[in-house]
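Here the structure comes first, spelled out in structure tokens, and everything after it is commentary.
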Amino acid sequence: MIHRLFPIVLLVTPGCVETSLSGFTGGRGDGDSIIELSPDVLEFGTLRADDAPLVRSFTIRSVGNNDVNVEDLELIGAAIGSYSFEVEPPPFTLPSGGFMQVNVSFSPVGAFEQNAQLAVTSNAVNLPKGIVSLNGDGAVPELRIEPSPADFSQALVGCAVSEVLTLTNVGTD
């Protein structure tokens, strides 16, 4: 019987929060501005169009040694009309250790998934453009009319023309 020995190489790397091994890609030097967004996903569930807006919050926190200058807050994505937020208008500064809570309201303007993002632009070395995902579903009626557009262009003045239109609720309420 033949046995083969294979060399085993064990790589041991120390890990701590101040190395890139923790997933942090920026430095934590004395002059760094570092930001934390918590939570980074806001779940709103399903809401009807006539329900009161639902409010969820996230926190922008300066966790580095220097101030964080928040330059812009911007809603992005296909469903931005379903969301709004109230906070001190940018630009504003968070001192080291300081934080600001941002309230985000959800009131669906469409059916099905109403997902968007809130981008936080700052001078932070770790997240110059941090993203908070906004997830909600709209229980909203939506009307489809067929044919669209209805064509009455052949109607002469004083003459009646009719067309059959089909109205269908393609929404979720």
Side-chain angles (χ1 to χ4, degrees), residues 8-143 170-173:
I8 297 175
V9 177
L10 180 60
L11 177 62
V12 179
T13 58
C16 68
V17 294
E18 295 192 7
T19 69
S20 62
L21 297 175
S22 68
F24 177 70
T25 57
R28 277 196 188 250
D30 291 335
D32 287 343
S33 297
I34 300 173
I35 197 170
E36 177 182 275
L37 304 176
S38 179
D40 60 358
V41 176
L42 297 180
E43 296 287 348
F44 291 89
T46 302
L47 200 61
R48 296 173 54 132
D50 56 353
D51 288 343
L54 189 59
V55 178
R56 300 277 189 257
S57 301
F58 73 96
T59 302
I60 304 170
R61 185 176 312 275
S62 174
V63 295
N65 296 321
N66 277 353
D67 296 349
V68 169
N69 298 318
V70 176
E71 299 155 7
D72 194 22
L73 296 170
E74 176 188 18
L75 286 167
I76 54 178
I80 62 173
S82 292
Y83 297 94
S84 63
F85 61 91
E86 290 184 23
V87 71
E88 178 182 331
F92 57 86
T93 300
L94 295 175
S96 179
F99 67 93
M100 178 174 288
Q101 182 173 321
V102 179
N103 293 328
V104 180
S105 296
F106 173 60
S107 184
V109 296
F112 305 102
E113 288 184 349
Q114 297 293 300
N115 298 334
Q117 297 176 325
L118 184 58
V120 179
T121 305
S122 71
N123 69 327
V125 296
N126 66 324
L127 285 174
K129 190 164 192 171
I131 299 291
V132 176
S133 296
L134 311 173
N135 302 327
D137 291 303
V140 177
E142 288 187 3
L143 185 63
V170 295
T172 53
D173 192 20

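The figures that follow rest on heavy atoms only: side chains count, while hydrogens, waters and symmetry mates do not.
Taken from OG in S57 to CG in L42, the straight-line distance is 7.5 Å, to the nearest 0.5 Å. We find the OG1-CD distance between T46 and E113 to be 10.0 Å, quoted to the nearest 0.5 Å. Atom CG of residue D137 and atom CG of residue N115 lie 7.0 Å apart, to the nearest 0.5 angstrom. Within the model, atoms CD of E88 and CG of L94 stand 8.5 Å from one another, a figure rounded to the nearest 0.5 Å. The OG atom of S62 sits 8.5 Å away from atom CD1 of I34, with the distance rounded to the nearest 0.5 Å.
Looking at N103 and E86, their side chains never come closer than 4.5 Å, going by heavy atoms from C-beta outward. Taking 4.5 Å as the limit, some side-chain heavy atom of L134 sits within range of a side-chain heavy atom of L75. In this structure, V102 and I60 have side chains that are in contact, with non-hydrogen atoms separated by less than 4.5 Å. Side-chain contact between Q114 and V109: present, with at least one pair of heavy atoms (C-beta onward) separated by less than 4.5 Å. When side chains are defined from C-beta on, N123 counts as touching V68, because their heavy atoms get closer than 4.5 Å.
Summarising the geometry of F85 relative to L118, their closest heavy-atom pair is CE2-CD1, 3.5 Å, with the distance given to 0.1 Å. Heavy atoms only, all atoms of each residue included: S105 and P53 are closest at CB-CB, 4.4 Å. For the residue pair P108 and S82, the shortest heavy atom distance occurs at CA-OG, 3.5 Å. Residues G77 and I80 come closest through the heavy atom pair O-CG2, 3.2 Å. The two residues Q101 and V87 come nearest to each other via the heavy atoms O-CG2, 4.3 Å. Of all heavy-atom pairs between G110 and V140, the closest is O-CG2, 3.4 Å.
Side-chain contact, E71 with N69: no donor N or O sits under 3.5 Å from an acceptor N or O.
No more than 12 heavy atoms of other residues, nucleotides or ligands sit less than 6.0 Å from atom CZ of F99. Summarising the local packing, CD of E74 is surrounded by more than 12 heavy atoms from other residues, nucleotides or ligands at distances under 6.0 Å.
Note on residues 34-62: pairs passing ring pair (Phe, Tyr, Trp, His ring centres under 6.0 Å), not counting sequence neighbours, are F44-Y83, F44-F106.
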Under the side-chain contact (heavy atoms from CB on, under 4.5 Å) criterion, do I131 and I76 qualify, and how do the steps go? CA-CA 10 Å; I131 299 291; I76 54 178; 4.2 Å; yes

Begin with the C-alpha distance, continue with both residues' side-chain angles, and end with the deciding distance and a verdict on side-chain contact (heavy atoms from CB on, under 4.5 Å) for D32 and N65. CA-CA 6 Å; D32 287 343; N65 296 321; 5.8 Å; no

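In terms of modelled atom types and a separation under 3.5 Å, the side chain of S33 and the main chain of D67 share a donor-acceptor contact. A distance-only check finds no donor-acceptor pair linking the side chain of D40 to the backbone of L37 [under 3.5 Å].
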